[in-house]
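Notes to accompany the following structure.
Side chains included, hydrogens not; waters and symmetry mates left out as well; all remaining heavy atoms used. All chains are named by letter (A, B, ...) in the order of the sequence lines, taking the proteins before the strands, and each is independently numbered beginning at 1.
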Amino acid sequence: MADPLPGNIALQLQLHPERFDPLVALAAWQRSLAASGAEPAAAEAHFIGRVRGVTAAGVPLEALELEHYPGMTEAQISRLAADCAQRHGLRAVRVDHRVGRVLPGEAIVLVAVTADRRGPTQRGGQELLEALKHEAPFWKREWSGGVGAWVEGNTAF
Amino acid sequence: MADPLPGNIALQLQLHPERFDPLVALAAWQRSLAASGAEPAAAEAHFIGRVRGVTAAGVPLEALELEHYPGMTEAQISRLAADCAQRHGLRAVRVDHRVGRVLPGEAIVLVAVTADRRGPTQRGGQELLEALKHEAPFWKREWSGGVGAWVEGNTAF
Amino acid sequence: MITASITVRLFAALRERAGWAERQVALPAGAAAPTPASLWRQLGLGDTLPAQVRVAVNQVFASADQRLEPGAEVAFLPPISGG
Amino acid sequence: MITASITVRLFAALRERAGWAERQVALPAGAAAPTPASLWRQLGLGDTLPAQVRVAVNQVFASADQRLEPGAEVAFLPPISGG
């Protein structure tokens, strides 16, 4: 699960076909970073995205269905993370993303990064989240009233 | 511990005289938000700051000593959080901050916020962190080689 | 004799509209190598590749006009909506 | 007769330089109300309040020139370095 990225950055990436708890994922990540023997990073930023209870059109959402491109999705996230880590001097990156059927309120994405200073940490985490949303092959279908509709494009920033 | 802020925002604030685990604090916060019956927020951002192993001057740090102004520090953080929550439309804010003697690698600050969209969430969390660093009465003393030196101003962003 | 072929994959709305997810396209010996854009026409997906459809070749984003090697996997990707 | 007073508090480097953390300053009956700046001089902390020292009155940031009510708590705060 841990791929070395250029410049000794460690990426942990996990796609979850079932519900996941972001804090459990973060705890596992922090334990593995501590086990590596490195000094804890001075700055760490996390972002958790959860499924809204309404569709883009404003009606109640039953579920979100998340399709991906097995193989390419993982490879593309690795490339995006390596790129972002290099640009911002990140030390470690963790990405968790749901696939399959996701219910309102459930976590859909977790992005966590560490670096030596708070500015690059925050900017790097934000940039990686935007990159995932626009450059990693995932497609959402909103299910409402038994009817599914593919989402074209992202929710407002 | 939970103060209502203007606009129905809940602030949880805790000053820790002893070591704290940010993920434990986050779990307690998430449980209390869930217990309130509100739908989970679509966006949640966290920042954790930890003590570096070297002083601003670059020599090994033994410990950081954190002084605060009991009463004013808590009141000022509440004001800063309410202000930031209103500006960015935050739904919930959690702040944990160490006081006393803090060792290298230990968490010194946790800022966590939720909102309905990722942009305001990330911006609101960052802005609150900067506000804490510049507007909440905390003073750091770096201990190194048995000598303490007060830190004037903040580390680079 | 083994016939060289290219794998074409469709995802999400494109897959559902076409009614298929994956096809093997045989490469006739001696014919010019196809491009993603030429395969889009050849498979009856449309006259021209819409600007919002992205192309991946061997699981990396690629130009719609690049020549495809035998054995390549080409995918047509509707607008991404992850995260 | 109870003498009205003002509490003055110092923190961090200011406290250590002055050698004290808290003092009660009595307000003579009939005298003009002091300001944080006048207390700074009166307590021998310096001629003028340095620009980087911030003032809190009753635990809220305040001007160094505001008149202080009897019973007020005024604090002199060196540059903040939290977070």
Side-chain angles (χ1 to χ4, degrees), chain A residues 21-31 33-34 37-54 56 60-61 64 91 103-130 132-133 154-157, chain B residues 21-31 33-34 37-54 56 60-61 64 91 103-130 132-133 154-157:
Chain A
D21 181 338
L23 296 187
V24 170
L26 287 170
W29 181 56
Q30 290 185 351
R31 272 195 307 275
L33 293 177
E39 182 181 277
E44 181 173 321
H46 313 150
F47 179 86
I48 299 167
R50 293 191 188 83
V51 176
R52 290 179 176 76
V54 291
L61 179 84
L64 210 55
R91 285 174 49 176
L103 299 180
E106 290 184 351
I108 184 169
V109 66
L110 165 69
V111 174
V113 305
T114 66
D116 291 331
R117 299 214 325 277
R118 66 192 187 280
T121 306
Q122 293 167 327
R123 285 192 299 268
Q126 281 177 19
E127 198 175 299
L128 182 53
L129 178 65
E130 294 309 303
L132 286 178
K133 286 187 167 272
N154 285 109
T155 50
F157 178 70
Chain B
D21 181 338
L23 295 187
V24 169
L26 287 170
W29 181 57
Q30 289 186 351
R31 272 195 307 275
L33 293 177
E39 182 182 278
E44 180 173 322
H46 313 151
F47 179 85
I48 299 167
R50 293 192 186 83
V51 176
R52 290 178 178 75
V54 292
L61 179 86
L64 210 56
R91 285 175 48 177
L103 299 180
E106 289 184 351
I108 185 170
V109 65
L110 165 69
V111 174
V113 304
T114 66
D116 291 332
R117 299 212 328 277
R118 65 191 188 280
T121 306
Q122 292 167 328
R123 284 192 299 269
Q126 282 176 21
E127 199 176 296
L128 182 52
L129 178 65
E130 293 310 304
L132 286 177
K133 286 185 168 272
N154 284 109
T155 51
F157 177 71

Could you tell me which of Pro22(B), Ala42(B), Ala34(B) has the largest number of non-hydrogen atom pairs under 4.5 Å with chain A?
-> Ala42(B)

Residue selection (most heavy-atom pairs with chain A, distance under 4.5 Å) from Val109(B), Asp21(B), Ile48(B) | Ile48(B)

First locate atom [atom1] of [X], then atom [atom2] of [Y], and finally report the distance between them rounded to the nearest 0.5 Å.
{"X": "Leu23(A)", "Y": "Arg31(B)", "atom1": "CG", "atom2": "CZ", "value": "9.5 Å"}
{"X": "Arg123(A)", "Y": "Gln126(B)", "atom1": "CZ", "atom2": "CD", "value": "8.5 Å"}
{"X": "Glu39(A)", "Y": "Arg50(B)", "atom1": "CD", "atom2": "CZ", "value": "10.5 Å"}

Heavy-atom distances under 4.5 Å only: say whether Gln30(B) touches chain A with side chain, backbone, both or neither.
-> side chain

Cut-off 4.5 Å, heavy atoms of chain A, and the answer for Ile108(B) is neither

Taking all atoms of both residues into account, what is the closest heavy-atom pair of Gln122(B) and Leu129(A), and its distance?
-> NE2-CD2, 3.4 Å

Counting heavy-atom pairs under 4.5 Å with chain B, the top scorer among Gly125(A), Gly53(A), Pro104(A), Ala112(A) is Gly53(A)

